[in-house]
Amino acid sequence: MSVQPLYMNGEFVTSQSHDLIDVLNPATEEVLSQVADATEEETNHAIESAWTGQKEWEKVPQVERGRIVRQIGDAIAADKETYARLLSEEQGKPLEEARGEVDTAVEFFHYMSEWNRKIGGEIVPSDDPNEKILIQKKPIGVVAGIIPWNYPVFIFARKVATALITGCSVVIKPSEETPNTAIAFAKVIDKAGLPKGVFNLVTGKGDTVGNRLASHPKVALISMTGSVPAGTKVMEAAAQNITKVNLELGGKAPIIVSKHADLDLAVKHIKASRIENAGQACISAERVYVQEEVAETFTKKMVAAMADTKVGYSLSEDQIDMGPLASSHHLEKVEQLVNHAKKAGAHVELGGERMDKDRGFFYAPTVLTNVNHDDEIMTTEVFGPVLPITTYKTFSEAIDYANDSIYGLASALYTNDYNEMMQAARDLHYGETFVNRETGEAIQGYHAGMRQSGIGGTDGKHGLNDFLSTHVMYLAFKDEN
């Protein structure tokens, strides 16, 4: 079996590392490929290449950078089915979800390309009549992009497109669990006409590659999506050089279902959120607070909806709704959390165990009741198709429950009561709140968290600004007469 290459300084190279990592299909447990756990020296070389390439790239006119970013999106769109199948194979998500993720990646390259004439500065008044104050935006420099395994295609686009349009160079470290799509996209970018060193890709584990990216003095921004423990390690390494970090970490999204809600709408959206990507999304429904008066009706509807979920492997079965978890490690974690909840008194309304399949990392869609707000299943990110439900009396109580978390990424509210909507707008402390709709951010919006869910954000103009530095020039002049 061949080992996937690294991409540095404009060419594909074979790693000198003898430590190889198997990439598994989580539905079949077949070994798809191998990648190298690249060495610190190879990571250094990628960063040095990016450092040199960035100096040339930032001088390229923005309109030309926009053309190249658009071209990358077009090239991915032209072979969408290949990338979708590759994603489904290495990550396990249903083919339709994989196609949607590729579409979103294409949209992100296209959206960012449209900033080619919009990144500007301003002139502000001076206190001196013979002076102008010019504020300009410049690329921050070398960006280290650390990609997670749950949305490896979309988040690749989110980091790479933003870096390129702002004039930054980038070194990407894909997850060792899902590197194949990133390497396929590197082949697209190789043909895009970038100066050498502007885009680089290094495979490997966090302890070696990730740590070096975060600690290298020539990296100006670390844009990392992943877990809180991984984010903590990145911050510790970045602190050595006071390097800027942009971190999207975990979530434990609370979903409030009021007695004034359209229950059928709430059930439809919560189910979609919980089974998408087998629940492996930082903004998906992780805990439900439903008002006592409608709890019984809501729960019956929710159990019926979750039970009507076809689980399987998209490349061998038709019209599945949910695939496997991404690895045996993630399966064991979900199983452990649910077993702890059972021992603590949770009632299993549906599921609560691994699925009886010959192979693969499948966990049954699960609904739990008789849980308390402070139970582990309500406080710890599950990252699987598990939905714990508890009740509340007053709306203020639900808000308090929702805010009582170390996380602060996404939240959702189902109600048709205007006062409840406005109270939530005032009192919920989350980066995002979705009202009467499924969780899922817009490219032109802003995706950011509070508390341990991260620092900084992505998407839209506010996310783009994290990749820019601000340079102020005080221009003094003399009168000629």
Chemist: Sort and list the pairs that fulfil ring pair (Phe, Tyr, Trp, His ring centres under 6.0 Å) and have at least one residue in residues 18-61, not counting sequence neighbours.
Modeler: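 Applying ring pair (Phe, Tyr, Trp, His ring centres under 6.0 Å) to every pair that reaches into residues 18-61, excluding sequence neighbours, yields nothing.
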Chemist: Can you find a side-chain donor-acceptor pair between Glu97 and Asn277 that sits under 3.5 Å?
Modeler: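 Their side chains do not contain a donor-acceptor pair, so the 3.5 Å distance test is not met.
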Chemist: Any chance the side chains of Thr28 and Arg359 put a donor and an acceptor closer than 3.5 Å?
Modeler: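 The criterion, which ignores hydrogens and geometry beyond distance, is not satisfied for Arg359 and Thr28.
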Chemist: Enumerate the residue pairs fulfilling salt bridge (charged side-chain N to carboxylate O under 4.0 Å, His left out) with a member in residues 323-344, sequence neighbours excluded, ordered by first and then second residue.
Modeler: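 Listed once each, the pairs are Glu335-Arg354.
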Chemist: Kindly state each residue pair satisfying salt bridge (charged side-chain N to carboxylate O under 4.0 Å, His left out) with at least one member in residues 144-171, sequence neighbours excluded.
Modeler: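 Qualifying pairs: Arg158-Glu248, Arg158-Glu441, Arg158-Asp459.
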Chemist: Looking only at non-hydrogen atoms, find the nearest pair between Leu32 and Glu90 and report the distance.
Modeler: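 That would be CD1-CA, 3.6 Å.
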Chemist: Which residues pass the ring pair (Phe, Tyr, Trp, His ring centres under 6.0 Å) test with Tyr401, not counting sequence neighbours?
Modeler: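 Listed in chain order: Tyr289, His373.
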Chemist: What residues, two or more places apart in sequence or in another chain, satisfy ring pair (Phe, Tyr, Trp, His ring centres under 6.0 Å) together with Trp149?
Modeler: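 Per chain and number, Trp149 pairs via ring pair (Phe, Tyr, Trp, His ring centres under 6.0 Å) with His330, Phe383.
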Chemist: Give a yes or no on whether the backbone of Thr39 and the side-chain of Thr43 come within a donor-acceptor separation of less than 3.5 Å.
Modeler: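 Present.
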Chemist: Looking at Val143, Asp466, Ile455, Val219, which one forms a side-chain contact (heavy atoms from CB on, under 4.5 Å) with Lys244?
Modeler: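 Of the listed options, the one satisfying the test is Asp466.
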Chemist: Using the ring pair (Phe, Tyr, Trp, His ring centres under 6.0 Å) criterion, which residues pair with Tyr7? Sequence neighbours excluded.
Modeler: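 By the ring pair (Phe, Tyr, Trp, His ring centres under 6.0 Å) rule, Tyr7 matches Phe12, Phe199.
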Chemist: Write down the atom of His471, the atom of Lys138, and the distance for their closest heavy-atom approach.
Modeler: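 Closest pair (atom of His471, atom of Lys138, distance): ND1-NZ, 2.9 Å.
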Chemist: Between the side chains of Arg70 and Asp74, is the shortest nitrogen-to-carboxylate-oxygen separation below 4.0 Å, so that they form an ion pair?
Modeler: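 The answer is yes: the pair qualifies as a salt bridge.
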Chemist: Checking the side chain of Thr439 only, and the main-chain atoms of Ile283 only, is there a donor and an acceptor separated by less than 3.5 Å?
Modeler: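 It does hold such a pair.
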